[in-house]
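When reading the values below, keep in mind they use all heavy atoms of this one structure, side chains included, and skip hydrogens, waters and symmetry mates. Each chain gets a letter, A, B and so on, in the order the sequences are listed, and its residues count up from 1.
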Amino acid sequence: MKKICALLLACAMLLGTAFTFASCSDGNTILVQTNAFFAPFEYYDGDDIKGVDVEIMAKVGEKLNKKVKFKNVEFSAIIDNVSEGKVCDAGAAGITITDERKEKVDFSVPYYTSVQYVIFAKDSDIAKKSGADGEYIVWEALKGKTIGTQTDTTGWIYTDGEINATADNEDYGYDGVLYNTGTTMKNFDNAQLAADGIGANLVDVVIIDELPAQFIVSKNSNLKCLPLYYSATEAGEEDAPVEEQYAICVTKGNTELLDAINAVLEELMKKDSSGKTEIEKMVMRHMGME
Amino acid sequence: MISVKNVYKDFGENGEIKVLRGVSCEIEKGERVVILGPSGSGKSTLLRCMNLLEQPTGGEVWVAGDLITAPDPYLYPEWLKQSATYEKMLRRNKKEDEALEEICRNRLLSKREGRAFENMRKAIEKEKRLDINLARRKMGMVFQHFNLFNNLTVLQNLTLAPVELKLKTQEEAEEKALELLRRIDLEDKRDEYPAKLSGGQKQRVAIVRALAMEPDVMLFDEPTSALDPEMVGEVLDVMKSLAASGMTMVVVTHEMGFAREVGTRIMFMNEGVIAEEATPEEFFKNPRHPRLKEFLSKVL
Amino acid sequence: MNFFEGVYTLFTNPNYMQSLFKGLQITLVISVAAAVMGLLLGTVVALITICPDSPAMKIPKWISKIYITVIRGTPMALQLFIMFYVIFTIRDFPEIVTATIAFGINSGAYVAENIRAGILSVDVGQTEAGRALGLTSGITMRKVVIPQAIKNVIPTIGNELIALIKETSIVSMIGMYDLTMAAKIIGSGNNMASYLIPMSVVALFYLAIVYMLTFVIKKIERRLRAGDKR
């Protein structure tokens with residue numbers, strides 16, 4: 001019996017030590033969560049997470065004289081974790097500003113404007129059905145398809161909206177383009193898994209942000225991608241791309257960090273003599289297109 | 001040596017299977033008591049109650065002057081007289097003797113006043129009870145199915161208990177064990193595991209394993225029942241030589257020859273009570289109980 | 001790129017190999033640490049559950065019962081999520097510790113049941129023989145019952161370890177850099193941009209680990225059984 005007690009005690013001590021570990025983290029580190037499957041903004045290079053967001057946050061760390069630590073988590077967990085503020089201070093993962101997210105976290109100024117892209121098999125007929133000589137794809141062209149997205153990304157949010165929105169639903173107030181057209185959606189952990197779904201006949205197309213789409217297509221010769229557009233609804237209007245703006249989010253009320261991020265971003269978004277911003281150059285560099 | 005006082009044993013969830021129904025007996029030093037009886041008569045259960053491998057439902061077992069079971073208030077009239085039940089009965093104009101008799105016969109105490117019953121138990125227990133592990137050291141037990149420790153060699157089977165209980169050093173225990181193994185002619189098997197022994201060899205080792213504790217009394221629970229016929233003899237021979245050395249023995253068996261030859265007293269059990277008790281001669285010559293007559297006519 | 005070219009690329013790219021070995025390392029660390037914890041915890045819980053009923057043991061028994069029921073009755077993935085997102089929501093907490101605890105607790109419940117079954121499978125006559133010699137129940141357990149139970153338990157515990165190693169692959173769900181995550185990284189858009197090859201290679205890694213473990217378990221089993229050839 002005594003030995004059992006001792007064993008239980010040992011287990012308790014193990015847990016205890018684990019907790020002490022936790023308490024020794026100081027306030028001198030900025031903990032940033034990301035999903036490192038979103039090149040060029042964040043991606044694994046061997047053991048290290050690299051990318052545009054990582055560079056931005058490194059500059060923020062320099063400014064505040066603090067260490068910066070990135071952690072890879074599921075994309076869908078980032079907003080909630082930042083919102084709670086217990087396990088991290090900020091989220092930098094090419095996060096699109098949306099109203100729902102604004103309620104939970106504070107966003108920096110937007111630092112990149114991205115367009116949603118559609119990835120599809122090269123031999124697919126989808127491009128022919130689209131507007132403007134196959135330069136882009138309109139939502140209508142996706143009717144009846146199975147669309148793959150990465151859970152909780154804007155591609156997922158928009159697609160979900162177009163499929164499920166109805167005029168009599170208060171949350172939407174309009175009929176989605178794909179509503180009641182037999183279009184279905186599948187969600188994946190990351191963009192690559194979704195894109196692999198095309199080859200595996202799990203999905204017909206994948207909707208994802210521009211840069212990851214470019215990346216994936218550049219490495220898979222049987223895939224193509226085109227920007228996604230809203231078709232004009234009234235005469236005289238033009239078709240418009242499905243745009244979004246990336247920003248870095250922090251726990252609500254963390255103004256010190258937010259101000260530092262904004263200051264760094266403003267610096268990085270100044271155009272130099274060649275008319276390019278530092279952010280744009282970072283993007284090119286991380287895409288290997290310098 | 002061992003005294004069994006009015007022992008009851010019920011099995012089953014609600015005690016619906018009554019195996020022992022008030023058994024009392026005395027085993028004196030040097031006696032070799034053989035317990036006979038048809039199967040299901042409770043003879044093994046009685047033996048197992050003697051060293052508390054079965055906990056009696058009621059009654060007491062004493063070993064060498066020490067109580068080893070929980071005390072049984074029904075055996076103590078002075079305690080019963082303090083109970084509310086007893087007083088109530090006296091108020092209803094029952095005679096003292098009749099009241100006590102009725103309480104014991106119908107086990108009224110536990111049903112009506114569990115609290116007082118428990119307090120009595122505890123009070124008696126504090127005074128007299130002995131740790132069962134100490135009592136068992138003095139009582140060797142041999143099982144029908146040998147129950148040698150399968151994970152230990154023959155020698156280790158013999159030395160485990162004396163060494164673990166710090167009664168002997170490892171060397172002393174081994175010396176004693178080898179002497180015992182020599183006695184049963186199995187010294188060459190000292191490093192074998194039980195799985196490699198024949199049934200007869202296993203049982204002989206089991207007997208000397210019990211002897212290694214230098215017990216005052218040996219309990220045998222059908223020691224030859226699980227053996228092939230040709231192995232029965234070797235085990236009985238060991239038991240006979242043990243008897244010759246003056247060991248106190250209680251033997252549950254179906255071996256009538258052994259009972260007649262070795263026993264100093266035979267008890268016949270039937271339906272949970274001792275139906276007849278006699279010397280071997282008397283027992284086989286003049287059986288009185290009708291059930292015993294029937295039994296003997298079948299087995300002899 | 002055909003499959004074998006892909007495999008060749010993977011094995012010749014030092015970056016990819018580095019990813020694989022880093023992932024392998026974390027998978028092994030979690031597996032081994034959780035297995036040790038599971039064995040300790042499982043043994044304690046098993047001993048509690050087979051203790052005879054007594055007032056002092058009532059609460060520990062009750063806790064053990066709930067522990068086993070809840071852990072075996074809920075998916076490992078959910079337990080992992082709860083560990084990470086409800087219990088250990090502490091700043092900068094080492095995630096490998098959280099994962100180890102989650103898997104250790106999970107494994108402990110299964111090990112406890114295996115050990116309990118192993119102990120109960122030892123003939124009751126062995127205990128009776130020990131007790132009849134005057135040995136306490138503790139000594140009888142330690143010297144007679146448990147050594148025999150171990151023999152019965154080794155194969156089932158081995159199976160549990162194998163299941164544990166494979167199950168650790170779900171830590172990639174919460175972003176940990178294990179073997180499965182390494183495959184995801186190598187397969188991601190900026191690397192090979194295909195999951196098929198790295199996933200297949202990683203499957204081979206798991207297979208190799210499990211095969212080696214099976215081999216070791218067989219060895220141990222054979223050695224333990226040497227005592228009772230019939």
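- Contacts of R209(B) with chain C are made by both backbone and side-chain atoms, with heavy-atom separations under 4.5 Å.
- I66(C) CD1: more than 12 foreign heavy atoms inside a 6.0 Å radius.
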side-chain contact (heavy atoms from CB on, under 4.5 Å) between F149(B) and T140(C): does it pass, once the steps are laid out? CA-CA 10 Å; F149(B) 304 132; T140(C) 312; 5.6 Å; no
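- Only the side chain of M213(B) comes within contact range of chain C, with heavy atoms under 4.5 Å apart.
- R131(C) and N51(B) share no side-chain donor-acceptor pair at under 3.5 Å.
- Rounding to the nearest 0.5 Å places CG of N150(B) at 4.5 Å from CD of Q148(C).
- Contacts between F143(B) and chain C at a heavy-atom distance below 4.5 Å involve the side chain alone, from C-beta outward.
- Panel note: side chain Q126(C), backbone L148(B); a donor-acceptor pair is recorded below 3.5 Å.
- In terms of modelled atom types and a separation under 3.5 Å, the side chain of N151(B) and the main chain of K143(C) share a donor-acceptor contact.
- Contact annotation for L52(B): neither backbone nor side-chain heavy atoms come within less than 4.5 Å of a heavy atom of chain C.
- Using a 4.5 Å cut-off between heavy atoms, L135(C) contacts chain B through both its backbone and its side chain.
- Under a cut-off of 6.0 angstrom, the local environment of CD in Q18(C) is crowded, with over 12 non-hydrogen atoms contributed by other residues, nucleotides or ligands.
- The two residues A132(C) and M141(B) come nearest to each other via the heavy atoms CB-CB, 3.8 Å.
- Annotation: residues 157-166 of chain B contacts chain C through L160(B), A161(B), E164(B), L165(B) [non-hydrogen atoms, separation under 4.5 Å].
- Summarising the local packing, CD of E16(B) is surrounded by more than 12 heavy atoms from other residues, nucleotides or ligands at distances under 6.0 Å.
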